[in-house]
Structures are given as C-alpha cells and as structure tokens.
Protein chains: 2
Amino acid sequence: MDAKTQARLTMRANVFKALAHPSRLLIVEQLAHKELCVCQLREMIGADMSTVSKHLSVLKGAGMIQDEKRGLQVYYRLKMPCVLRFFDCVGEVIETNVKEQWELVNLR
Amino acid sequence: MDAKTQARLTMRANVFKALAHPSRLLIVEQLAHKELCVCQLREMIGADMSTVSKHLSVLKGAGMIQDEKRGLQVYYRLKMPCVLRFFDCVGEVIETNVKEQWELVNLR
DNA sequence: TCACTATTTAGCCAAATTGCCAAATATGGG
DNA sequence: CCCATATTTGGCAATTTGGCTAAATAGTGA
C-alpha cells in the first residue's frame with residue numbers, strides 16, 4: 001500500500017472512528033433535530049460534563065459538528081448532515097445480523 | 001439514556017468501529033470489486049497474514065463480509081454493499097475539512 | 001472586583017486495540 | 001501418512017481510548 005493510499009484511508013478511518021462510540025452517536029442523532037448546548041447533551045447522555053466535552057471535541061475534530069458560544073453556553077450543531085444517511089445502512093446491517101443469529105439459534 | 005437506547009447505540013457504534021481502521025477500509029474497498037482470498041489481501045495491505053486475518057474477523061463479526069473456504073484458501077466477499085454508500089459522505093466531510101484548513105492557513 | 005455557572009483541559013488509571021511471533025488447525029498432493 | 005501451504009488462534013508489548021476528578025478558562029451579574 002503506497003503512502004498516498006495509506007494517508008487517504010487513515011483520514012477516512014478517522015471519520016468512522018469519530019462515530020464509533022454510543023455517546024457520540026447519540027450526540028449526532030440529537031443534533032440532527034436541533035442545536036443543543038453541552039449541558040443538555042450531558043443530561044441526555046448521563047455522563048460527566050468533561051466526558052461529554054471530550055466526545056464533542058472528537059466529533060468537532062473530525063469535522064462533523066460546529067460549535068458557537070452564546071453567553072455561558074456553547075451550542076453545537078450538525079455540520080455534515082450527510083452522516084445521517086449512514087444510519088439506514090447501519091440499521092440494515094444490524095437487522096441482517098440479528099436475523100441470522102435468530103435462525104442459527106432455531107436450527108434443529 | 002435508558003438501557004434500550006444504550007443497547008441500540010452500542011450495536012451501531014460497533015458497526016462504525018469495524019470500519020474505523022485504514023486496513024479494514026482497504027479490505028472493504030477491494031472486496032467491492034470482487035472476492036479475494038486472505039493472501040491477496042495480505043499483499044495489498046502489506047501486513048502479517050495473522051494481522052489481516054484478525055481484521056477480516058472483525059469485519060465478519062460486524063456482519064459486513066462473508067467467507068467461503070475453497071481448497072486451501074478462504075475467499076472473502078462483501079456482504080453488505082450498502083456500506084459503500086458511506087464513502088461519498090466521508091469524502092465530502094474530509095474535503096470540507098481540508099478546504100477549511102486551507103483557508104485558515106491563508107488568513108492574513 | 002467577587003462569586004457563580006458553563007465549559008474545557010490536564011492528569012491519571014483501567015480497558016480496549018493493534019500488530020507481531022509462534023503455535024495450532026485445516027487442506028491437498030505425493 | 002508426511003509434507004507443504006493457507007489460515008486462524010493465543011499470547012504478549014506498545015499504543016490509544018474512555019471516563020473520572022481536579023484545576024483552568026471564560027462569561028455574567030451584583
């Protein structure tokens with residue numbers, strides 16, 4: 001694998017990595033509806049605020065969300081709504097997996 | 001976050017986690033064209049065969065690829081081609097990021 | 001300025017990931 | 001059966017990630 005391909009794939013992998021955590025997926029889902037501040041996301045996720053802040057910085061670092069400070073709060077919003085299209089296929093993958101496992105269990 | 005939501009998000013995150021590695025992305029890209037055996041993928045990736053095998057088992061565990069043993073070789077193929085649709089958006093995200101960084105650098 | 005709130009950052013530790021080597025497993029050919 | 005090849009598995013060290021607490025930073029209002 002040449003260096004250029006390696007670089008391209010690493011950048012892409014980083015985008016997926018940003019989505020590879022339940023809390024970060026919840027953040028993306030919620031921001032799909034409307035912008036939210038850190039404290040609102042903290043409530044939804046139920047983790048320490050510092051933890052949520054770190055998750056947000058991961059998503060921001062990957063270019064998926066934007067932040068804007070207004071008064072004391074920092075509001076985040078989805079910058080790349082195209083990532084929402086991922087979820088259909090992800091759901092399809094999971095559905096297929098579960099179906100197959102179900103059939104495996106019912107073998108006789 | 002209730003347990004059901006947590007479970008749903010964890011399953012989804014696992015699908016993204018499976019794609020969150022350069023070598024595994026290369027595997028998915030290559031299998032999009034045609035099925036390949038481990039040794040062919042090993043050449044493309046340039047890592048130890050055991051390493052490639054482990055990557056393949058991650059993708060298989062996530063339900064993204066299928067394997068079939070024929071003779072000495074094990075051939076893998078893409079089971080969920082819908083994941084290829086991800087790549088358009090991922091490319092868009094990266095393009096936007098790079099564009100913004102470029103503009104930042106050229107500020108004066 | 002001082003106190004208060006919202007957020008980020010730093011530091012720490014546990015857990016997960018990655019990649020190699022070596023060993024185990026499976027298959028095909030003499 | 002014996003040997004060679006293809007693949008998987010187990011084990012280990014190095015690195016990364018995740019989440020907490022505590023400290024630092026920033027904005028608001030008295």
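Order of the sequence lines fixes the chain letters, A, B, ..., with proteins taken first and strands second; residue numbering starts at 1 for each chain. Atoms considered below: every heavy atom in the structure, side chains included; atoms not considered: hydrogens, waters and symmetry mates. This structure is a prediction, so every number in the text was calculated from the model and none was measured.
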Inset, instruction - Looking at every strand, decide which applies to Tyr75(A) at a 4.0 Å heavy-atom threshold: base, sugar-phosphate, or nothing. - result: nothing
Inset, instruction - Sorted by first residue and then second, give each side chain to side chain donor-acceptor pair (under 3.5 Å) pair with at least one member in residues 84-102 of chain A; sequence neighbours left out. - result: Glu100(A)-Lys79(B)
Inset, instruction - Check side-chain contact (heavy atoms from CB on, under 4.5 Å) between Ala62(B) and all other residues, then give those that pass, not counting sequence neighbours. - result: Ala18(B), Met64(B)
Legend entry - Whole-Å distance separating the CE atom of Met49(B) from the C1' atom of dT5(D): 8 Å
Legend entry - Rounded distance in Å - CG (Leu56(B)) to P (dT8(D)): 7 Å
Legend entry - All pairs passing side chain to side chain donor-acceptor pair (under 3.5 Å) where residues 1-22 of chain B contributes a residue, at least two apart: Glu29(A)-Arg8(B), Asp2(B)-Thr5(B), Gln6(B)-Thr10(B)
Inset, instruction - Provide the full list of salt bridge (charged side-chain N to carboxylate O under 4.0 Å, His left out) pairs with a residue in residues 36-52 of chain A, sequence neighbours left out, each pair given once. - result: none
Legend entry - Residue-level proximity of residues 64-74 of chain A to DNA chain D when a heavy atom falls under 4.0 Å: Lys69(A), Gly71(A), Leu72(A)
Pairs under 3.5 Å (N/O, protein and nucleotides 15-20 of chain D):
residue	atom	partner	partner atom	Å
dG18(D)	OP2	Arg24(A)	NH1	3.4
dG19(D)	OP1	His21(A)	NE2	3.4
dG19(D)	OP2	His21(A)	NE2	3.4
dG19(D)	OP2	His55(A)	NE2	2.6
dG19(D)	O6	Lys54(A)	NZ	3.2
dC20(D)	OP2	Asp48(A)	N	3.3
dC20(D)	OP2	Thr51(A)	OG1	2.8
dC20(D)	N4	Lys54(A)	NZ	3.2

Legend entry - Backbone N/O of Lys54(A) and side chain of Ser57(A): donor-acceptor pair under 3.5 Å: yes
Legend entry - Cys89(B): partners by disulfide bond (SG atoms under 2.5 Å apart), with sequence neighbours left out: Cys82(A)
Legend entry - Residues forming a disulfide bond (SG atoms under 2.5 Å apart) with Cys39(B), sequence neighbours excluded: none
Legend entry - side-chain contact (heavy atoms from CB on, under 4.5 Å) against Ala7(B), all qualifying residues, sequence neighbours excluded: none
Legend entry - Sequence neighbours excluded, every pair satisfying ring-ring contact (aromatic ring centres under 6.0 Å, His included) that has a member inside residues 26-51 of chain A: none
Legend entry - Contacts of Lys60(B) that satisfy salt bridge (charged side-chain N to carboxylate O under 4.0 Å, His left out) - sequence neighbours left out: Asp67(B)
Inset, instruction - In whole angstrom, give the distance that lies between atom CG of Leu41(B) and atom C1' of dT8(D). - result: 15 Å
Inset, instruction - Anything under 4.0 Å to a heavy atom of chain A counts; send over the first and last such nucleotide of DNA chain C, read 5' to 3'. - result: dT5(C) to dG11(C)
